[in-house]
Enquirer: 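Could you have a look at this structure, given as structure tokens, before my questions?
Both backbone and side-chain heavy atoms feed into the values below; hydrogens, waters and symmetry mates do not. Numbers here are sequence positions counted from 1. Order of appearance sets the numbers: ligands from 1, and atoms from 1 within every ligand.
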Amino acid sequence: MSGKGAPELTVKNCGDLRVAVIAAQWHTQVMDGLLEGAARALKEAGIEEPTVLRVPGSFELPVVAKALAGRGYDAIVALGVIIRGGTPHFEYVSQGVTAGLTQVAVESGVPVGFGILTCDTEEQALDRAGLPGSREDKGHEAVTAAVITAATLRSVSEPWR
Ligand code: DLZ
């Protein structure tokens, strides 16, 4: 996918949103970049005290996202790095986490920012990690998308004035 069209924070007054970030542990250097990008985006949105949780791998993200969606969070952001190896494992983990996070968001009504990198090589992942020299900043994008969506959902659930 092309990097064009990355979201920008277009909503105001979102500092009171309750946001949780869940991050897998695989591929530390890339994940550190995603976490830093996510933290930057949260700061820009005025969200001072996000919950940050770690899980072993990307496959574990949906079950924790589901638990958080039932605990009053306005938005959840899932961060994972999945890099293709020599077996079909990549497909199973990628499909499982994508379907699982989609299901959590649609069934709970809580937006889930999709900060999952599915790359053929570590180089591709580094290029999207928001690190110095990266072309894209997917941790930042995932937080921004989730915050905008949560603010949009709040605006449509408030009584019309
Ligand atoms: C097992 C595995 C492999 C091979 N690769 C990755 C990966 O690139 N990225 C990732 O987030 N997790 C990987 N995992 C771990 C699985 O997500 C999961 O944690 C294990 O299968 C245990 O359920």
Side-chain angles (χ1 to χ4, degrees), residues 1-7 9 17-45 47 49-150:
M1 285 169 78
S2 150
K4 290 181 184 163
L9 194 66
L17 290 172
R18 291 154 298 176
V19 179
V21 176
I22 325 164
Q25 290 175 357
W26 280 66
H27 308 293
T28 313
Q29 187 185 3
V30 180
M31 180 52 72
D32 286 350
L34 294 181
L35 281 164
E36 280 173 29
R40 243 183 298 112
L42 287 161
K43 200 169 176 195
E44 286 163 22
I47 295 162
E49 293 184 0
T51 298
V52 180
L53 300 174
R54 303 301 296 262
V55 296
S58 294
F59 196 74
E60 283 70 46
L61 290 166
V63 69
V64 178
K66 182 177 180 185
L68 293 170
R71 284 171 170 74
Y73 285 94
D74 299 301
I76 296 162
V77 180
L79 303 177
V81 184
I82 311 170
I83 299 183
R84 190 184 293 278
T87 71
H89 202 82
F90 173 86
E91 268 79 22
Y92 293 121
V93 174
S94 300
Q95 285 168 16
V97 67
T98 303
L101 293 175
T102 304
Q103 189 179 353
V104 169
V106 173
E107 289 184 0
S108 69
V110 178
V112 179
F114 187 73
I116 313 296
L117 299 184
T118 54
C119 298
D120 288 333
T121 64
E122 187 175 33
E123 187 184 22
Q124 288 178 347
L126 287 167
D127 210 19
R128 290 157 177 78
L131 292 164
S134 298
R135 282 186 304 118
E136 297 179 43
D137 192 354
K138 294 297 181 189
H140 188 282
E141 287 178 28
V143 166
T144 305
V147 166
I148 293 171
T149 307

Enquirer: I'd like the contact residues of ligand 1, where contact means a heavy atom below 4.0 Å.
Expert: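 Ligand 1 is contacted, at a heavy-atom distance under 4.0 Å, by W26, H27, G57, S58, F59, E60, V81, I82, I83, H89, V93.
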Enquirer: Using modelled atom types only, decide if a donor and an acceptor are shared between the side chain of S134 and the backbone of R128 within a distance under 3.5 Å.
Expert: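 Between the backbone of R128 and the side chain of S134 there is no qualifying donor-acceptor contact (under 3.5 Å).
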Enquirer: Can you confirm whether more than 12 heavy atoms, excluding those of F59, are under 6.0 Å from its CZ atom?
Expert: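 For F59, atom CZ is not crowded (no more than 12 foreign heavy atoms under 6.0 Å).
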Enquirer: Applying the side chain to side chain contact (heavy atoms under 4.5 Å, CB included) test to R40, which of D137, T144, L35 qualifies?
Expert: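 One option only clears the test, and that one is D137.
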Enquirer: Just list the side-chain donor-acceptor pairs under 3.5 Å for residues 75-97, sequence neighbours left out, or say none.
Expert:
unit_1	atom_1	unit_2	atom_2	d
R84	NE	D120	OD1	2.8
R84	NH1	E91	OE2	2.8
T87	OG1	H89	N	3.3
S94	OG	F90	O	2.7

Enquirer: Apply the side chain to side chain contact (heavy atoms under 4.5 Å, CB included) test between I22 and each candidate in L101, V112, V55, V52; give the one that qualifies.
Expert: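 Among the candidates, only V55 passes.
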Enquirer: Is R54 reaching over with its side chain to a backbone N or O of A23, donor-acceptor style, under 3.5 angstrom?
Expert: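 Checked: pair present.
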